[in-house]
Protein chains: 2
Amino acid sequence: MSTHDDLRAIALAEFAANGYAGTSLQRIAEVAGVSKASVLYHFSSKEALLEASVGPAIDRLTTIIDAVDGTLDDREARHAFVEQFVDLLLEHRLEVFLFINQGAGLEDVPVVDRANLVVERLAQFFCTAASTTEDQLRFGMALGGAAYVLSVKTQPSPRELPVDEVRAALVRIVNELLDPIVVVAGTR
Amino acid sequence: MSTHDDLRAIALAEFAANGYAGTSLQRIAEVAGVSKASVLYHFSSKEALLEASVGPAIDRLTTIIDAVDGTLDDREARHAFVEQFVDLLLEHRLEVFLFINQGAGLEDVPVVDRANLVVERLAQFFCTAASTTEDQLRFGMALGGAAYVLSVKTQPSPRELPVDEVRAALVRIVNELLDPIVVVAGTR
DNA sequence: ACAGTTTCTGACCGATCGGTCAGTTACGGT
DNA sequence: ACCGTAACTGACCGATCGGTCAGAAACTGT
């Protein structure tokens, strides 16, 4: 793999493990086996490195949400969305973990604002769709809980469980949480 | 309120909002309206400030877990535990949020290790009690999801919803997730 | 009014932070 | 063999980090 891609992957892992503020460029350089100056040659700043790390995952989430826009009251469409969402979580665990952890504290960082925006859009869908307090909590627990349980590190972790099994079970649980919700028509 | 307690409260809020590494003693001092040296007069180090911030919440969680030890196969006991757990989350949102975010990256910090230990104990209960992949995910989503949904900041946030309603709904949802689990006897 | 203790502060320390820059090394095309 | 470019580095910058310390200010009991 190229140095460029190496750095992006290492940065993502380090940011997720130790937080954005808690990860120094020096540390990333050491893990990659290059100098700090070399890191800043490939990425113009620490922020650019963060952008490169989480940007693609955010783009994908945006795409998924665009597709489901306004179809939340349809049960079939919602089930399809859940599958795509779970797949996203499974393929981008580190990015999700990083965003969950740092999303609140890193405002005014462009890429994080972009992420917060798309998540807020998701929340808006669900808050307008769900009328009661319980239904809002259901949405939050279904999506946030799924994101959290996959990203958190425990022993034994879902990481080590068979992926297919995790995916199937997670889709089932999330749908189980979402199905009882009374969706008001015309969520948009 | 005393300066000492002020500082503890402010530190907790800042740590939760910007992360441990992302929060400087200078910042805490400014918010409190005192000098940085004064902060270090009340708390011998930044780590001691973290300890004072989250220690009590960890102690309480330990107490709750001690009480439920070995009784997870009893449905009634589990429901009682869920209520206590939800109450803990509601009363210590900032601490929970802080731990969720920083727990992974702040190893070797005594108070965080203490927190990780008690959470691992909780996970052990559930992993030995739950046999299948789905059941383990159920436990994770029920407890982790509940913790996450209460600590995350969204618009409108659970923070602003009536507490009683949130508590009742959350207890219901968590139990709904946990009840289908086939618990193997003798969780110890 | 005085003395003793608690509370608080400005100045300072070495270390590390993100970032810059001049210059060196490695390499592909001709 | 030469050259242009891409990749990389060591040295350095100002700022900020957590932490120390001597002493000022504020409060206490007598």
Side-chain angles (χ1 to χ4, degrees), chain A residues 1-55 98 101-114, chain B residues 1-55 98 101-114:
Chain A
M1 211 192 303
S2 69
T3 302
H4 192 89
D5 292 340
D6 272 347
L7 287 174
R8 199 188 53 213
I10 290 171
L12 174 59
E14 291 295 320
F15 286 156
N18 306 107
Y20 180 70
T23 302
S24 66
L25 294 177
Q26 182 65 48
R27 163 78 185 168
I28 294 172
E30 278 169 12
V31 174
V34 297
S35 69
K36 188 182 71 173
S38 188
V39 175
L40 286 159
Y41 166 77
H42 287 284
F43 299 91
S44 58
S45 69
K46 192 184 182 183
E47 218 175 276
L49 198 43
L50 178 65
E51 159 80 45
S53 298
V54 301
L98 180 52
N101 294 359
Q102 311 286 322
L106 283 177
E107 296 176 8
D108 303 330
V109 179
V111 68
V112 176
D113 280 346
R114 200 150 59 88
Chain B
M1 211 193 299
S2 69
T3 302
H4 191 90
D5 292 341
D6 273 347
L7 286 174
R8 198 188 52 210
I10 290 170
L12 174 59
E14 291 295 320
F15 287 155
N18 307 107
Y20 180 71
T23 302
S24 66
L25 294 177
Q26 183 65 48
R27 162 79 186 167
I28 294 172
E30 278 169 13
V31 174
V34 298
S35 70
K36 188 182 71 172
S38 189
V39 176
L40 285 159
Y41 165 76
H42 287 283
F43 299 91
S44 58
S45 69
K46 192 183 182 184
E47 218 175 277
L49 198 43
L50 178 65
E51 160 80 45
S53 299
V54 301
L98 180 52
N101 294 0
Q102 311 288 321
L106 285 176
E107 295 177 7
D108 302 329
V109 179
V111 67
V112 176
D113 280 346
R114 200 149 59 87

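The sequence lines fix the lettering, A, B, ..., with proteins before strands; numbering per chain opens at 1.
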Query raised in the report: Taking A:K46 for the side chain and A:T23 for the main chain, is one N or O donor matched with an acceptor at less than 3.5 Å?
Result: yes
**Report entry** Nearest-Å distance for atom pair CD/P, residues B:Q26 and C:dT9
**Finding:** 11 Å
Query - B:N101 side chain near B:Y20 side chain, heavy-atom distance below 4.5 Å - result: no
Query raised in the report: If we only count heavy atoms from C-beta on, is the A:R8 to A:F43 side-chain gap below 4.5 Å?
Result: yes
Report task. Evaluate side-chain contact (heavy atoms from CB on, under 4.5 Å) for B:L49 paired with B:L25, printing each intermediate quantity in order. Result -> CA-CA 10 Å; B:L49 198 43; B:L25 294 177; 4.2 Å; yes
Query raised in the report: Is B:T23 touching bases, backbone alone, or none of the nucleic acid, heavy atoms closer than 4.0 Å?
Result: sugar-phosphate
Report task. Write down the distance between CD1 (A:I28) and C1' (C:dG19), rounded to a whole number of angstrom. Result -> 14 Å
Query raised in the report: Any side-chain N or O of A:T3 less than 4.0 Å from the OP1 or OP2 oxygen of D:dA7?
Result: no
Query raised in the report: Starting at CD of A:E30 and ending at P of D:dT9, how long is that distance when rounded to a whole Å?
Result: 13 Å
Report summary line: Closest of D:dG19, D:dC8, C:dC8 to the B:H42 side chain is C:dC8
Query raised in the report: Taking CG from B:L7 and P from C:dT7, how many angstroms apart are they, rounded to a whole number?
Result: 12 Å
Query raised in the report: What's the verdict on side-chain contact (heavy atoms from CB on, under 4.5 Å) for B:L50 and B:V112, showing C-alpha distance, side-chain angles and the deciding distance?
Result: CA-CA 9 Å; B:L50 178 65; B:V112 176; 4.0 Å; yes
Report task. Name the nucleic acid region contacted by B:L25, choosing base, sugar-phosphate or nothing; use a 4.0 angstrom heavy-atom cut-off, strictly under. Result -> sugar-phosphate
Query raised in the report: B:H4 NE2 to C:dT6 C1': how many Å, rounded?
Result: 14 Å
Query raised in the report: What nucleotide among C:dG18, D:dG10, D:dG19 has an atom nearest to a side-chain atom of B:S45?
Result: D:dG19
Query raised in the report: Contact class for A:S24 vs. all strands (heavy atom < 4.0 Å): base, sugar-phosphate, or nothing?
Result: sugar-phosphate
Query raised in the report: DNA chain C: A:S44 or B:V34, which has the more 5' nearest nucleotide?
Result: B:V34
Requested in this report: Would you tell me if any nitrogen or oxygen in the side chain of B:Y41 comes within less than 4.0 Å of OP1 or OP2 on C:dC8?
Outcome: no
Query - For atom CG of B:L40 and atom P of D:dT20, their distance in whole Å - result: 7 Å
Query raised in the report: Between C:dG18 atom C1' and A:R27 atom CZ, what is the distance in whole Å?
Result: 17 Å
Requested in this report: Determine the contact category for A:S38: base if any of its heavy atoms lies under 4.0 Å from a base atom, sugar-phosphate if only primed atoms, P, OP1 or OP2 are that close, otherwise nothing.
Outcome: base
Report task. Send over the distance from A:F43 CZ to C:dT20 P, rounded to a whole Å. Result -> 16 Å
Query raised in the report: Toward the 5' end of DNA chain D, which comes first, A:K36 or B:E47, by nearest nucleotide?
Result: A:K36
